[in-house]
2 protein chains.
Amino acid sequence: MATRVALKASAARPDLTSVLEDKGYRVTGPRLNIIRLLGKKNEGFSAEEINYALPGVGRATVFRTLKLLLGANVICKLTTRDGGVKYSLARVEHHHHTVCVKCGTVGDFRDVTIERLLRTLGDEIQGQIVGHRIEVDVVCPSCQKASRN
Amino acid sequence: MATRVALKASAARPDLTSVLEDKGYRVTGPRLNIIRLLGKKNEGFSAEEINYALPGVGRATVFRTLKLLLGANVICKLTTRDGGVKYSLARVEHHHHTVCVKCGTVGDFRDVTIERLLRTLGDEIQGQIVGHRIEVDVVCPSCQKASRN
DNA sequence: CAGGGCTATGAGACGTAGTATCATTAGTGT
DNA sequence: ACACTAATGATACTACGTCTCATAGCCCTG
Ligand SMILES: [Mn+2]
Ligand SMILES: [Mn+2]
Ligand SMILES: [Zn+2]
Ligand SMILES: [Zn+2]
């Protein structure tokens with residue numbers, strides 16, 4: 001058996017890059033850089049944050065790529081209570097978000113009951129339902145702990 | 001009895017102005033102008049729209065007053081699917097919104113089941129729930145009709 | 001491997017939504 | 001009438017994006 005050849009240093013998670021190929025987009029340097037960075041994020045993040053972390057990549061390209069990944073359901077975008085914007089990695093298909101009102105940490109959740117309920121909401125609602133957004137404001141466990149001091 | 005002195009021309013609906021007094025805010029000209037205008041709005045509106053309609057009132061004051069009315073639950077603010085912002089008169093206490101994805105018309109609804117459900121969501125969710133936002137994207141009846149042509 | 005064509009990029013202008021600063025104005029209580 | 005304070009408007013500034021346009025880089029075909 002041949003000696004294992006070193007992979008291209010720190011390759012991105014193939015599942016994320018394949019998203020580009022699947023949709024016929026080119027796998028370019030800037031896009032790879034952004035995707036690699038996102039792969040490391042466990043918290044919500046802002047576009048400016050990505051832009052700042054990747055000085056070689058133009059701001060417009062950051063926004064363009066985020067939009068692209070948004071369309072591929074790789075990331076999600078949400079509006080916080082104070083009108084701010086947050087992106088976060090999408091780990092499950094359709095889901096909703098909790099946002100800590102103290103520290104801004106984003107959590108994902110999915111409740112089938114709510115989904116079903118919203119679908120049967122047709123009686124109370126004018127028109128045909130084509131989508132929805134739910135955001136739940138929380139005080140996260142660690143902020144709860146911190147404020148108990 | 002003295003001749004009735006002409007009231008300050010076109011007084012605003014007292015219910016809306018009293019909101020200011022109740023909270024200890026001054027009832028000023030600019031605020032009255034904005035409130036009067038809002039009283040006539042049956043659709044959602046933007047801050048710039050108000051600003052444009054009231055050239056005598058500064059843009060900052062428009063935003064300041066909207067924020068104030070937001071705090072008094074006189075109006076509500078929502079984010080549309082495409083990231084735009086809409087304000088609309090609040091006719092019921094706590095409620096949610098439908099937004100037509102074609103024409104942007106805002107509707108209000110309130111479903112007690114959802115409220116109850118969200119409150120009992122605590123098991124699936126990290127942290128203590130302190131609020132929520134729900135927006136439902138719809139195609140409104142008139143846009144449905146229009147697209148059937 | 002040279003073109004050619006199209007996609008993607010970066011710089012920067014521009015747009016919209018909103019806040020901060022600050023000098024001035026105008027309600028309000030006495 | 002006066003003084004105190006809240007409110008205002010002009011203007012600068014921030015956040016979040018989009019648009020334009022000249023340039024660069026994939027990628028296919030000959
Ligand atoms: Mn998510
Ligand atoms: Mn409403
Ligand atoms: Zn927190
Ligand atoms: Zn419509």
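Below, read A as the first sequence line, B as the second, and so on, with proteins coming before strands; counting in each chain starts at 1.
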Student: Quick check: on DNA chain C, is the nucleotide nearest P30(A) upstream (toward 5') of the one nearest V85(B), or the reverse? Name the residue that is more 5'.
Tutor: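 Closest to the 5' end, via its nearest nucleotide, is P30(A).
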
Student: Assert yes or no for the condition that the ring centre distance of H132(B) to H97(A) is strictly below 6.0 Å.
Tutor: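 Judged by ring-centre distance (under 6.0 Å), H132(B) and H97(A) do not meet the cut-off.
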
Student: Less than 4.5 Å apart, side chain to side chain, heavy atoms only: is that true for Y25(A) and R31(A)?
Tutor: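 Touching, per the 4.5 Å side-chain cut-off.
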
Student: Between N33(A) (CG) and dT9(C) (P), how many Å, whole number?
Tutor: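 Roughly 10 Å, once rounded to whole Å.
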
Student: Determine whether a donor-acceptor pair (one donor, one acceptor, N or O, separation below 3.5 Å) exists between the side chain of R59(A) and the base of dG12(C).
Tutor: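 No.
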
Student: Determine whether any donor atom in the side chain of R64(B) lies under 3.5 Å from an acceptor atom in the base of dG18(C), or the reverse, and answer yes or no.
Tutor: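 It does not, because no donor-acceptor pair links the side chain of R64(B) to the base of dG18(C) below 3.5 Å.
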
Student: Examine dA26(C): is either OP1 or OP2 under 4.0 Å from a nitrogen or oxygen in the side chain of T28(B)? Give yes or no.
Tutor: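 False: T28(B) side-chain N/O out of range (4.0 Å or more) of dA26(C) OP1/OP2.
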
Student: Rounded off to whole Å, could you give me the CG-to-C1' distance for the N51(B) and dG9(D) pair?
Tutor: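 That distance rounds to 11 Å.
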
Student: Would you call I34(A) and L37(A) a side-chain contact if the rule is heavy atoms closer than 4.5 Å?
Tutor: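 I34(A) vs L37(A): side chains apart.
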
Student: Closest-nucleotide mapping onto DNA chain D: is R26(A) or V57(B) further toward the 5' terminus? I mean the 5' end.
Tutor: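 Looking at DNA chain D, the more 5' nearest nucleotide goes with V57(B).
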
Student: Does atom NZ of K41(B) have more than 12 heavy-atom neighbours, drawn from other residues, nucleotides or ligands, at distances under 6.0 Å?
Tutor: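 Counting other residues, nucleotides and ligands, NZ of K41(B) exceeds 12 neighbours.
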
Student: Is the phosphate of dT16(C) approached by Y52(B) (side-chain N or O, under 4.0 Å from OP1 or OP2)?
Tutor: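 Answer is no, no contact under 4.0 Å.
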
Student: Give the rounded distance in Å between these two atoms: CZ of F63(B) and P of dA10(D).
Tutor: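 Between P of dA10(D) and CZ of F63(B): 15 Å.
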
Student: Taking CZ from R31(A) and P from dG25(D), how many angstroms apart are they, rounded to a whole number?
Tutor: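 The answer, rounded to whole Å, is 15 Å.
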
Student: Can you tell me how far P of dA15(D) sits from NZ of K77(A), to the nearest Å?
Tutor: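 Result: 16 Å.
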
Student: Using only side-chain N and O atoms of Y25(A), determine if any of them is under 4.0 Å from OP1 or OP2 of dC6(C).
Tutor: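 No, because none of the side-chain N or O atoms of Y25(A) sits under 4.0 Å from OP1 or OP2 of dC6(C).
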
Student: Find the distance L66(A):CG to dA15(D):P and express it as a whole number of Å.
Tutor: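 In whole Å, dA15(D) P and L66(A) CG are 17 Å from each other.
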
Student: Is G56(A) touching bases, backbone alone, or none of the nucleic acid, heavy atoms closer than 4.0 Å?
Tutor: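 Sugar-phosphate, no base atom in range.
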
Student: Would you call R59(A)-E48(A) a salt bridge at under 4.0 Å N-O?
Tutor: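 Looking at E48(A) together with R59(A), the answer is yes, because their closest N to O distance falls below 4.0 Å.
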
Student: Using whole Å, what does the distance between atom P of nucleotide dT9(C) and atom CD1 of I50(A) come to?
Tutor: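 Computing the I50(A):CD1 to dT9(C):P distance gives 15 Å.
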
Student: Once you round it to whole Å, what is the distance between C1' of dA6(D) and CG of L68(B)?
Tutor: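 Answer to the nearest Å: 12 Å.
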
